[in-house]
There are 2 protein chains.
Amino acid sequence: MFEIYQLEHLVAITEYGTLSLAAEHLHISQPTLSRSIQKLEEELGFPLFDRLKNKMTLNESGELAVECARNVLKEADIMVQRLNTLERSRHTINIASCAPAPLWMLTPIVSRTFPNMTMSSEIRDIEELKKGLMDDTYQIVILPEPLEDNNIYSHKYCEEQLYVSLPPAHPLCGHKGIYMSELDGESMLLFSEIGFWSKLHKEKMPHTHFLIQHEAETLDVLARASAFPSFTSNLVMKSVGKIPNRVILPLLDEEATATFYICIKQSSNKKFNLLFNRTKFLSQ
Amino acid sequence: MFEIYQLEHLVAITEYGTLSLAAEHLHISQPTLSRSIQKLEEELGFPLFDRLKNKMTLNESGELAVECARNVLKEADIMVQRLNTLERSRHTINIASCAPAPLWMLTPIVSRTFPNMTMSSEIRDIEELKKGLMDDTYQIVILPEPLEDNNIYSHKYCEEQLYVSLPPAHPLCGHKGIYMSELDGESMLLFSEIGFWSKLHKEKMPHTHFLIQHEAETLDVLARASAFPSFTSNLVMKSVGKIPNRVILPLLDEEATATFYICIKQSSNKKFNLLFNRTKFLSQ
DNA sequence: AAGGTTTACGTTTTCCGTAAACATT
DNA sequence: AATGTTTACGGAAAACGTAAACCTT
């Protein structure tokens with residue numbers, strides 16, 4: 001049987017027109033290429049080129065051979081593509097969440113549990129999360145509700161309760177808790193990537209001027225140095241800590257509480273078993 | 001890039017289960033096969049097998065690799081099939097005719113015109129001839145009518161007039177010519193492969209007992225040695241000669257005369273140019 | 001003369017099979 | 001002991017590039 005390199009050579013010759021030019025692009029010598037083709041013809045049992053003393057042109061068989069060779073090479077290319085994709089996926093865990101806080105908690109655990117894996121994490125809206133989990137774009141997805149599907153395993157991960165962080169001089173500070181509507185109309189600091197929470201803010205606080213911060217670090221500095229109210233949550237405070245000199249009031253709106261669920265495909269359950277033992281433990 | 005032989009080896013291993021068995025069937029040594037796979041894995045950049053000290057089993061990547069390898073090999077196989085088919089067709093001329101006589105005339109000319117070609121000739125019914133010409137089963141077809149099609153070149157080849165060959169004692173011998181119906185009811189010698197003529201005989205002479213002969217040689221001997229009437233034609237007499245001591249009468253039925261046309265695809269016109277120069281000359 | 005192809009030839013590389021080591025059943 | 005895999009090694013085969021020959025434009 002001929003070999004793939006011979007087919008590559010054949011195609012290269014037709015693409016570059018002459019042996020010499022093709023040889024140059026293939027980084028081999030001209031005689032080597034000449035012999036490669038001779039060998040291919042010998043193996044097939046008939047010539048692929050009409051040979052004049054100083055010119056080679058494809059004959060009828062050659063034309064067909066090139067067409068077929070391209071098909072073989074395409075198939076070979078598909079093979080490496082598919083294998084590389086699989087191999088990459090075997091070493092990557094793509095996590096996506098509807099909100100940032102569960103991600104902050106989960107990513108360190110995943111990293112420690114699978115130290116040889118590359119991990120990516122994203123914040124996406126709920127529909128994208130569901131779709132991405134189904135089509136294997138994401139292996140782990142965090143939703144604010146369990147995903148009812150036979151192929152999906154959902155498991156409760158954590159609850160988040162939003163709070164408002166107010167300067168002590170703020171008129172609402174005396175309350176035990178407040179509703180978002182009570183704050184509406186002020187200027188507030190807000191982190192940009194808050195996932196599905198942003199929808200809540202837009203709905204309940206349409207008149208508020210949000211000072212959107214794209215970096216958590218900057219937000220923290222501004223919150224400490226200014227009198228602007230900002231949001232926080234039980235999870236944020238647990239991981240980042242409280243800001244001193246601030247009054248923390250719970251948001252009383254029903255929607256200011258969320259329960260997050262880790263969702264994975266049943267087919268990858270085995271792979272993530274170890275992970276769940278750890279997340280279960282940590283979520284208690 | 002990996003090579004085809006490596007894919008063959010990979011597939012062989014999965015088919016025969018173990019390295020040793022596969023190596024045996026591939027007619028190579030076991031270490032050679034072992035290295036071949038190692039090299040494939042090295043080129044891909046990841047292992048395809050889980051290796052125990054004493055056992056190799058495909059891993060996830062390996063399973064996919066085998067699936068893809070089969071596709072590549074299938075494509076390679078298609079390549080040799082198509083090339084071989086083309087190559088064979090380049091050295092073969094398939095002729096088919098609706099009647100034997102034009103074939104007897106044409107085949108020697110084709111043989112002499114294309115001495116390096118393998119030639120096959122068949123007698124088929126008219127519909128088969130048309131279809132076969134279209135789908136390249138036949139390159140040359142002889143029909144009793146021109147084929148009206150833009151892709152087809154038809155050219156008048158010869159005319160055949162049927163005769164009856166009677167023993168001198170036969171009651172019809174005095175006539176200048178006879179109709180087939182006049183002979184109906186007798187026993188007659190008839191060659192088996194007469195193509196579209198047989199339909200005519202069946203229609204016009206339904207009560208005749210045909211003594212079918214499958215060999216031209218035998219038919220000739222019987223015709224010379226017996227008193228049975230038989231058929232002949234201008235073309236037969238021209239190529240085989242007349243039978244002595246027989247009265248030859250033309251058949252007066254309109255259908256006992258046929259004009260034959262050589263039909264080829266326009267696309268093969270160039271190839272058969274030389275042939276037509278000769279057949280035109282000979283048909284005059 | 002420039003550009004294209006094939007042949008010749010010596011070197012380098014690769015490839016193969018035997019032998020051996022190692023592990024499992 | 002039999003079976004299965006990998007490593008080691010030496011000889012054989014092949015593949016490669018340089019050089020040269022040959023041809024056309």
Side-chain angles (χ1 to χ4, degrees), chain A residues 1-63 65-66 69 72-73 76 80, chain B residues 1-63 65-66 69 72-73 76 80:
Chain A
M1 179 68 99
F2 47 78
E3 293 299 338
I4 284 181
Y5 78 92
Q6 291 171 301
L7 305 185
E8 288 172 331
H9 289 183
L10 176 64
V11 170
I13 292 173
T14 71
E15 278 178 359
Y16 294 110
T18 69
L19 270 194
S20 352
L21 196 57
E24 194 177 320
H25 282 86
L26 290 168
H27 303 296
I28 58 176
S29 73
Q30 194 192 57
T32 298
L33 184 54
S34 178
R35 276 188 306 253
S36 168
I37 295 298
Q38 285 169 10
K39 198 173 154 190
L40 176 60
E41 293 177 315
E42 191 183 331
E43 271 155 0
L44 289 173
F46 42 81
L48 302 176
F49 291 87
D50 291 330
R51 285 175 168 75
L52 281 69
K53 286 298 174 185
N54 85 346
K55 202 182 213 167
M56 287 170 61
T57 47
L58 282 174
N59 63 20
E60 196 183 353
S61 302
E63 297 282 359
V66 169
V72 178
L73 293 177
V80 313
Chain B
M1 181 67 99
F2 47 77
E3 294 298 338
I4 285 181
Y5 77 92
Q6 291 171 302
L7 305 185
E8 288 173 331
H9 289 183
L10 175 64
V11 170
I13 292 174
T14 71
E15 277 177 0
Y16 294 110
T18 69
L19 271 195
S20 354
L21 195 57
E24 193 179 320
H25 282 87
L26 289 168
H27 303 295
I28 58 176
S29 72
Q30 193 194 56
T32 298
L33 184 54
S34 177
R35 275 188 308 252
S36 167
I37 295 298
Q38 284 167 13
K39 198 172 152 191
L40 176 60
E41 293 177 315
E42 192 183 330
E43 273 155 0
L44 289 173
F46 42 81
L48 301 176
F49 291 86
D50 291 330
R51 285 173 167 77
L52 282 68
K53 289 295 175 187
N54 193 14
K55 203 183 213 166
M56 287 170 61
T57 48
L58 282 173
N59 63 21
E60 195 183 354
S61 302
E63 297 282 359
V66 169
V72 177
L73 294 177
V80 313

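A, B, ... follow the sequence lines: proteins, then strands. Residue 1 opens every chain.
A heavy-atom distance below 4.0 Å to DNA chain D is reached by these residues of residues 15-26 of chain B, ordered by number: B:Thr18, B:Leu19, B:Ser20.
We find that NE2 of A:His27 is positioned 12 Å from P of D:dG17, with the value rounded to whole Å. Taking atom CZ on A:Arg51 and atom C1' on D:dC22, their separation rounds to 15 Å, with Å as the unit. The distance from atom CE of B:Met56 to atom P of C:dA23 is 18 Å, rounded to the nearest whole Å. Remark: C1' of C:dT5 and CG of A:Leu48 are 16 Å apart, rounded to the nearest angstrom.
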Would you list the protein and nucleotides 7-10 of chain C atom pairs, both N or O, that sit under 3.5 Å from each other?
residue: C:dT7; atom: OP2; partner: A:Gln38; partner atom: NE2; Å: 3.4

Polar atoms only, N or O, under 3.5 Å: list the protein pairs with nucleotides 12-14 of chain D and their distances.
none

Polar-atom pairs under 3.5 Å, protein N or O versus N or O of nucleotides 23-25 of chain D: list them with distances, or write none.
residue: D:dT24; atom: O4'; partner: A:Asn54; partner atom: ND2; Å: 3.3

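Residues satisfying the side-chain hydrogen bond (donor to acceptor under 3.5 Å, both in side chains) test with B:Thr32, not counting sequence neighbours, are B:Ser29.
When all heavy atoms are compared, the tightest approach of A:Ala65 to A:Leu48 is CB-CD2, 3.9 Å. What you find for A:Leu26 and A:Ala12 is that their closest heavy atoms are CD1-CB, 3.8 Å. Summarising the geometry of B:Asn59 relative to B:Pro47, their closest heavy-atom pair is ND2-O, 3.0 Å, with the distance given to 0.1 Å. Residues B:Ala69 and B:Val11 share a closest heavy-atom pair of CB-CG2, 4.0 Å. Nearest approach of A:Ala76 to B:Phe2, heavy atoms of both residues: O-CZ, 3.9 Å. Minimum heavy-atom separation, B:Ile4 to A:Glu3: N-OE1, 2.7 Å.
Residues B:Gln38 and B:Ser34 meet the side-chain proximity criterion, which asks for heavy atoms closer than 4.5 Å. Residues B:Tyr5 and A:Met1 form no side-chain contact, since every pair of their non-hydrogen atoms from C-beta on lies 4.5 Å or further apart. Between B:Ile13 and B:Phe49 there is a side-chain heavy-atom pair separated by less than 4.5 Å. Proximity of A:Ile28 to A:His9: side-chain heavy atoms (C-beta onward) are separated by under 4.5 Å at one or more points. Side-chain atoms of A:Gln6 and A:Glu43, non-hydrogen and from C-beta on, do get closer than 4.5 Å to each other.
Phosphate proximity of C:dG17 to B:Gln30: absent, as no side-chain N or O sits under 4.0 Å from OP1 or OP2. An OP1 or OP2 oxygen of C:dG17 is reached within less than 4.0 angstrom by a side-chain nitrogen or oxygen of B:Ser29.
For residues 18-35 of chain A, there are no salt bridge (charged side-chain N to carboxylate O under 4.0 Å, His left out) pairs, not counting sequence neighbours.
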